[in-house]
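Everything numeric in this text was worked out from a predicted model, so none of it was measured. Residue numbers start from 1 in every chain, and the chains themselves are labelled A, B, ... in the order their sequence lines are given, proteins ahead of strands.
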Amino acid sequence: MDKDILIKVCTGTGGVASGSKEVLETFKGTISSAGIAASFSERCSAQRVGCRGFCAQDVLVDVIINGEKTTYKHVKPDMVGKIFTEHILNGTPVAEWIVDKDYHTFHQKQTKVVLSHCGEIDPEDIHAYRAVDGYKAAKMALTSMSSQEIVNIVKNSNLRGRGGAGFPTGLKWELGLRIASDIKYVICNGDEGDPGAFMDRSVMEGDPHAVIEGMIICAKATESHHGYIYVRAEYPLAVKRLQMAIEQCYEAGFLGKNTFGSGFDFDLKIFQGAGAFVCGEATALMRSIEGKRGMPTPKLWRSAEKGLWDRPTVLNNVETFANIPRIILRGADWFMRLGTERSGGTKVISLSGKVKNTGLIEVPLGVTLREIVYEIGGGIEGGKSFKALQTGGPSGGCIPEELLDTEVDYESLALAGSIMGSGGMVVLDETSCMVNTAKFFLEFTQSESCGKCTPCRIGTKRMLEILERITTGRGKEGDLELLEELGHYIRATSLCGLGMTAPNPVLSTLRYFRDEYEQHIRNKKCPAAVCRDLITYSILEAVCTGCGACKRVCPADAIRGVRKKPHRINTELCVKCGTCFDACKFKAITKV
Amino acid sequence: MVTLKIDGQKVTVRKLSTILDAVRKLDIPIPTLCHHPELSPFGGCRLCLVEINGSPKPVASCTTFARNGMDVTTTSPRLEKLRKTTLELILSDHPKDCMVCERAGDCKLQELAYFYGIRENRFGGEQRVYEKKDNNPFIARDMEKCILCGQCVRICDEIQGVGAIDFAYRGLRTKICPPFENDLNCEFCGQCVAVCPTGALTGKMWDQKGRQNFKEVDTVCPYCGCGCNITLHIWRNEVRRVSSKEETLNEGWLCAKGRFGYGFIHSPDRLKKPLIRTAPKDISAFPIHQTNPPLPPFTKGGRGGIHPSSFSLHPLSSFKEVSWDEAFDYIANRLKQIKENYGPDAIGGLSSARCTSEENYLFQKFFRAVIGTNNIDHCARY
Ligand SMILES: Cc1cc2nc3c(=O)[nH]c(=O)nc-3n(C[C@H](O)[C@H](O)[C@H](O)COP(=O)(O)O)c2cc1C
Ligand code: FES
């Protein structure tokens, strides 16, 4: 048989959770089993690759025969045999398991720069990375470029920090280069504390070498010889793969003394964080590495002057670093033209919520939110209508339908009352209550406040209490004004970005969905029927068949009725758990 | 040097001064709760906010360097509104028991609430509830009153070098405590108590010992050679608390003995009348002295000659209370005798940290000038 066969199994965290390790083992076992090994084991291999972003359909497996790729979704170990015999041996793909159109539209609309290796190469193998031009940029930077030249390229590329604030990376590096010190540090921020964010995680797991290469180039550009990668310990796979990558680099002479034979020394270590949202904040992160409590410190000095252990420090996000090798290889112009006038390149976004296609995507800066929701995301699930797009994680805001043509970049999102943040996007549809959504995000930031400054520690708690009041029917006139006042107060007076942005979910929903708040307060009603204390379940007598399914599942014994006759809910006893609503096959139970 | 304008007044400060330093130099009042001039900048309370012309948001003056040409405003309706909201928030999570609080009248938070006239609070809600048990001998810790200014943490770490406490937990439940919430077990210098702006940290021995009508007497701590300046807080002729002022040579810092070690003053065990020890005439009746006849103490050659038994109480000795005149006569006679028979160096004096510095001074003078010996020492060696 004359075939080159390559099988790629997703082993990102999403894949592993869905059982990709077993799938990969089964493929490997099948390949090496007698018969098959004899016919083409030489040219057949199964390898692990990083996350390709569409975790909802994991385990995803590519079968590439002579360069022709077929992708299977939801692969289980017991499906491997059939894929092998029908597709690989006999050449007929197993049609019913192949990904559908969505998978392709999901990917077609994207521009993959940072994610280009994720899902394509084996993240645990430095040779796989080198085969796709890996470490070429670092070698170039170290052996044939000056620090200032590198800084200039990064400046011209218009790359801005992907950690949230969007500070121009080239400028940051220039500051770092200009300040002289015997010891300087380069830090990679891989804390990624936003709930629901997995951009940096996928990059660290799927392409760890790109991050390291970016850091090596940064070290040269800023003339620092010590680096840290700060990763939260809850990312064990990222830690493991980065550790392997670092070891491989030391072996290959890309890290340590005299890297790439250039005479330049650079040592790199991983520091595992204990998992606090605030430790993603640059100064808190440095305190954490110093062994102190991760609390932001006032910015009397810029980090470029006095950062880690009071030494000049350049700190960038994972995605920021992963962009660097590409910029060096393909040029500042190429990168700049990918984005908008003010920010070059692409942004990795984790798209979740009520859209058809959820997952990790990468788009050029400047695409509109509408394109993301309707083209890449495939629109709203289940024919429901769109309500809002929450961007920027817990510190971000909600953007309504009428602003969906907003372009994705730092300024436009801020203008719309939200932020780019680390790139989380959650789609909300008509079944989402905006007050409850705001409460959800505030709950998170409030409990993650480091407690250092008054507005963030007590102010966010008081805001949350007002929201709790509103969602449980105890809201009063004046609450909204108080919320707004507190929100603006916290934004203006907090010590660090956590507090300054914490009111965003509330302020933005108040701005665009004020009527929903008012309905909660004045009519004691939740229009989306989400807030438990404000909804009533009842049975439509005309529809109820009297099957008794609801009665059987009711934990409060609140449903009465004789068989084959319409049942009734005693609202006094009802605990509003919604179990009956889900149990009714005839849609006879309403929730208002 | 840096020159800037504050509320229209020009002021020049040293490089790397904060705006707050400059504000203080002009003696303009600005509320602060977390700032301490001797500790690293913190920026937690957010009361010291000021406006800088050209910057959209107010900044914390305690954590912003003064720069040439800055135009700073320390008060405006907006700033006062923000400050008042901050105070309301702090008070919304603060016990309202000023009536019985140890620090009432001496509490920075109470004073600010008073200045800002906060009679009603727009904010209510959850308050921290903690068990107030800490079985240490000196420091009462009521963490419900803690406003998380962090001064105790910083003084413990930066001045004492001890680091016995730190921040723990997150959000509203952020709390300052020893590791694992154990009882405080440190050197009990009480520096944290001294810097605490509220009633969160107080001395256990001061509890219900009065808040008003103290007579303050400045003196010098007798305990060691540092000679820290202390202030005795006296109520009806009784020392009820010891503190130290910031402008003293010891900058207000004290140690455990200076701050808490004054219990001896009014101790019932304290001797108030002289006692003379009496022993049976015929000490030779006791074999221990027969074999080892006692040599005069402080014979030349170090400890040689001092027999241990001369330090221990004779089993049949006892004390007799005498008048001061009798005691002085006795002392004068014996000292004269010893000096005549054995010379002045046969005499030595040991003084005590629990006397005043003046008394100690006189004591050594007496030994050196009157008796004529340098055999004089003190438990703190000065
Ligand atoms: C509360 C808070 C959390 C943050 N979390 C992260 C994070 O998880 N990852 C990150 O890269 N940046 C985070 N940041 C932003 C960092 O402070 C910093 O601006 C960024 O890492 C700088 O890198 P960049 O210039 O490449 O964006 C956070 C900021 C705040 C205020
Ligand atoms: S004194 Fe400046 S923030 Fe507290």
TODO: With the side chain counted from C-beta on, respond yes when B:Leu47 and A:Thr454 share a heavy-atom pair under 4.5 Å apart, and no when they do not.
DONE: no
Task: Contact class of B:Ser40 relative to chain A, heavy atoms under 4.5 angstrom - done: neither
Open item on the list: Need one label for A:Lys452: side chain, backbone, both or neither, based on atoms under 4.5 Å from any heavy atom in chain B.
Closed with: both
Open item on the list: Taking side chain as everything from C-beta outward and backbone as N, CA, C, O, which of these in A:Met463 sits under 4.5 Å from a heavy atom of chain B? Side chain, backbone, both or neither.
Closed with: neither
Task: Interchain contact, B:Lys81 with chain A, by part (heavy-atom threshold 4.5 Å) - done: side chain
Open item on the list: For the CZ atom on B:Arg67, are there more than 12 heavy atoms of other groups (residues, nucleotides or ligands in this structure) within a distance under 6.0 Å?
Closed with: no
Task: Proximal component of B:Arg173, with respect to chain A [non-hydrogen, under 4.5 Å] - done: neither
Open item on the list: Please classify the contact of A:Gln446 with chain B as side chain, backbone, both or neither, using a heavy-atom distance under 4.5 Å.
Closed with: both
TODO: With a 4.5 angstrom heavy-atom cut-off, could you sort out which part of A:Arg469 is near chain B: side chain, backbone, both or neither?
DONE: neither
Open item on the list: Tell me whether A:Glu481 at atom CD has more than 12 heavy atoms from other residues, nucleotides or ligands lying less than 6.0 Å away.
Closed with: yes
Task: From B:Asp93 atom CG to A:Lys461 atom NZ, the distance as rounded to the nearest 0.5 Å - done: 9.5 Å
Task: Under 4.5 Å from any heavy atom of chain A - which part of B:Leu82 - done: both
Open item on the list: Looking at B:Phe167, I want to see if its CZ is surrounded by more than 12 non-hydrogen atoms of other residues, nucleotides or ligands under 6.0 Å.
Closed with: yes
Open item on the list: Within the supplied structure, the quantity of interest is the number of heavy atoms (other residues, nucleotides, ligands) at a distance under 6.0 Å from A:Lys524 NZ; does it exceed 12?
Closed with: yes
- [ ] Could you look at A:Ser494 and say if it's the side chain, the backbone, both or neither that has a heavy atom under 4.5 Å from chain B?
- [x] backbone
Open item on the list: Does atom CZ (B:Arg78) have a neighbourhood of more than 12 heavy atoms from anything else shown, all under 6.0 Å?
Closed with: yes
Task: Value rounded to 0.5 Å, distance of CG in A:Leu486 from CZ in B:Arg122 - done: 7.0 Å
- [ ] Examine whether an atom of B:Leu16 lies under 4.5 Å from a heavy atom of chain A, and if so say whether it belongs to the side chain, the backbone or both; otherwise answer neither.
- [x] side chain
Open item on the list: Within the 4.5 Å heavy-atom criterion, are A:Ile458 and B:Phe123 side-chain neighbours or not?
Closed with: no
Open item on the list: Is B:Glu126 in contact with chain A via its backbone, its side chain, both, or neither, using a 4.5 Å heavy-atom distance?
Closed with: both
Task: Whether over 12 other heavy atoms sit under 6.0 Å from B:Lys96 NZ - done: yes
Open item on the list: So which atom in B:Arg46 and which in A:Thr493 form the shortest heavy-atom distance, rounded to 0.1 Å?
Closed with: NE-O, 2.6 Å
Task: Heavy-atom proximity to chain B below 4.5 Å, by part of A:Leu482 - done: side chain
Task: Proximity breakdown for B:Thr63 and chain A, heavy-atom pairs closer than 4.5 Å - done: both
Task: For B:Arg170 against A:Ser447, the heavy-atom pair lying closest together - done: CB-O, 3.4 Å
Open item on the list: So for B:Tyr169, is it side chain, backbone, both, or neither that comes closer than 4.5 Å to the heavy atoms of chain A?
Closed with: backbone
- [ ] Select, from B:Leu89, B:Leu49, B:Thr64, the one with the greatest count of heavy-atom pairs under 4.5 Å involving chain A.
- [x] B:Leu89
TODO: Answer whether the closest heavy-atom distance between the side chains of A:Glu485 and B:Thr85 falls below 4.5 Å.
DONE: yes
TODO: Indicate whether the side chain of A:Arg462 and that of B:Ser92 have a donor and an acceptor atom separated by less than 3.5 Å.
DONE: yes
Open item on the list: Sub-4.5 Å heavy-atom contacts with chain B: which residues of residues 292-302 of chain A show up?
Closed with: A:Arg293, A:Met295, A:Pro298, A:Leu300, A:Trp301
